[in-house]
Amino acid sequence: MRILHTMLRVGNLEKSLDFYCNVLNMKLLRQKDYPEGKFTLAFVGYRDESEEAAIELTYNWDTDHYDIGTGYGHIALGVDDIYATCDRIKAKGGKVTREPGPMKHGSTVIAFVEDPNGYKIELIQTKPA
């Protein structure tokens with residue numbers, strides 16, 4: 001077994017795709033409209049879904065806003081250079097909500113960014129700085 005994807009409901013698909021694809025450098029892997037159900041599914045990720053988990057962005061055509069659920073935590077992305085990554089994200093208009101630094105009670109360097117819907121994405125330094 002393996003993780004296939006994490007699903008997020010989004011209020012504005014275009015803004016969400018811009019964030020995940022342009023700010024976080026993911027690729028749009030596939031997208032399909034479901035007119036009878038009035039929704040669109042878009043899958044984004046860094047590699048083909050046969051190799052790596054993806055994020056499913058679910059856009060319900062009649063809903064433009066969702067409240068952040070109390071059960072949602074975050075999506076975690078491993079990055080080689082967390083400081084350069086955060087600088088690049090900010091330069092592209094992304095919102096860094098926690099600047100890079102050691103995690104509380106630990107030494108792993110992390111940062112947090114926020115997508116256009118308010119979902120948190122944790123960045124984790126995967127190589128020594």
Side-chain angles (χ1 to χ4, degrees):
M1 286 191 239
R2 69 179 185 92
I3 296 171
L4 296 178
H5 65 262
T6 298
M7 185 273 266
L8 301 175
R9 290 178 182 88
V10 300
N12 184 312
L13 185 58
E14 288 180 24
K15 280 186 179 179
S16 295
L17 286 173
D18 179 65
F19 175 79
Y20 286 94
C21 294
N22 295 322
V23 176
L24 293 183
N25 286 342
M26 291 184 186
K27 295 177 182 95
L28 175 59
L29 303 172
R30 59 188 168 104
Q31 180 175 328
K32 184 174 180 185
D33 292 332
Y34 294 84
E36 290 181 13
K38 297 183 180 175
F39 68 95
T40 301
L41 299 182
F43 289 79
V44 295
Y46 293 109
R47 297 172 67 183
D48 187 88
E49 291 173 85
S50 65
E51 302 172 35
E52 191 171 277
I55 298 172
E56 172 190 334
L57 304 175
T58 298
Y59 172 62
N60 293 297
W61 299 352
D62 58 355
T63 306
D64 66 358
H65 173 78
Y66 289 95
D67 293 324
I68 302 298
T70 57
Y72 175 79
H74 62 269
I75 298 165
L77 304 176
V79 298
D80 291 342
D81 184 338
I82 198 164
Y83 298 96
T85 299
C86 286
D87 288 344
R88 185 184 51 72
I89 286 170
K90 288 187 273 189
K92 290 186 172 191
K95 183 178 178 183
V96 175
T97 58
R98 185 211 192 264
E99 293 291 333
M103 63 182 279
K104 194 183 260 187
H105 310 296
S107 60
T108 302
V109 178
I110 65 170
F112 277 89
V113 300
E114 190 175 278
D115 88 348
N117 299 283
Y119 291 111
K120 302 287 189 223
I121 295 104
E122 179 183 25
L123 305 177
I124 301 172
Q125 178 77 37
T126 56
K127 293 185 178 179

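Remember, predicted model here, so these are calculated numbers, not experimental data.
Nearest heavy atoms, S16 versus L57: CB-CD1, 4.1 Å. Nearest heavy atoms, E99 versus A111: C-CB, 4.0 Å. Nearest heavy-atom pair, A53 versus R2, reported as atom, atom and distance to 0.1 Å: N-NH1, 4.1 Å.
Rounded to the nearest 0.5 angstrom, H5 NE2 and I75 CD1 are separated by 11.0 Å. Between E56 atom CD and L4 atom CG the span is 10.5 Å, to the nearest 0.5 Å. Atoms OH and CD, from Y46 and E51 in turn, are 15.0 Å apart once rounded to the nearest 0.5 Å. Taken from NZ in K104 to CD1 in I110, the straight-line distance is 10.0 Å, to the nearest 0.5 Å. Taking CG from D18 and CG from L13, the interatomic distance works out to 11.0 Å, rounded to the nearest 0.5 Å. Note that CE of M103 is 14.5 Å distant from CD of Q125, once rounded to the nearest 0.5 Å.
A donor-acceptor pair under 3.5 Å is absent between the side-chain atoms of K120 and the main chain of F112, judged by distance alone. In this structure a side-chain-to-backbone donor-acceptor pair under 3.5 Å is present from T126 to V79. A donor-acceptor pair is defined here as one N or O able to donate and one able to accept, closer than 3.5 Å; such a pair exists between the side chain of D48 and the backbone of S50.
Listed by chain and number, the residues in a side chain to side chain contact (heavy atoms under 4.5 Å, CB included) with D87 are K90 (sequence neighbours excluded).
The hydrophobic cluster containing V23 also contains Y83, counting ILVMFWY residues as joined when their side-chain heavy atoms lie under 4.5 angstrom apart, directly or transitively. L17 and L24 fall within a single hydrophobic cluster, where Ile, Leu, Val, Met, Phe, Trp and Tyr side chains are chained together by heavy-atom contacts under 4.5 Å. Cluster annotation: L29 is not connected to I55 through the hydrophobic network of ILVMFWY side chains, with a link wherever side-chain heavy atoms come within less than 4.5 Å. There is a path of hydrophobic side-chain contacts, each under 4.5 Å, that joins V10 to Y72. In this structure, V44 is not a member of the same hydrophobic cluster as M7, with clusters built from ILVMFWY side-chain heavy atoms closer than 4.5 Å.
Between the side chains of Y66 and N117, no donor-acceptor pair is found at a separation under 3.5 Å.
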* To do: Go through the steps for I89 and L123 under the test side chain to side chain contact (heavy atoms under 4.5 Å, CB included), then give the verdict.
  => CA-CA 11 Å; I89 286 170; L123 305 177; 3.9 Å; yes
* **Derivation of the side chain to side chain contact (heavy atoms under 4.5 Å, CB included) call for V113 and L77** => CA-CA 11 Å; V113 300; L77 304 176; over 6 Å; no
* So R88 and D81, side chain to side chain contact (heavy atoms under 4.5 Å, CB included) or not? Walk me through it. -> CA-CA 11 Å; R88 185 184 51 72; D81 184 338; over 6 Å; no
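Under a cut-off of 6.0 angstrom, the local environment of CZ in R9 is sparse, with at most 12 non-hydrogen atoms contributed by other residues, nucleotides or ligands. Within 6.0 Å of the NZ atom in K95, the count of heavy atoms belonging to other residues, nucleotides or ligands does not exceed 12. Summarising the local packing, CG of D64 is surrounded by 12 or fewer heavy atoms from other residues, nucleotides or ligands at distances under 6.0 Å. Within a 6.0 Å sphere centred on CD of E14, heavy atoms belonging to other residues, nucleotides or ligands number 12 at most.
Between T40 and the options W61, Y59, Y34, a side-chain hydrogen bond (donor to acceptor under 3.5 Å, both in side chains) holds for only W61.
By the 4.5 Å heavy-atom criterion applied to side chains, Y20 and I121 are counted as neighbours.
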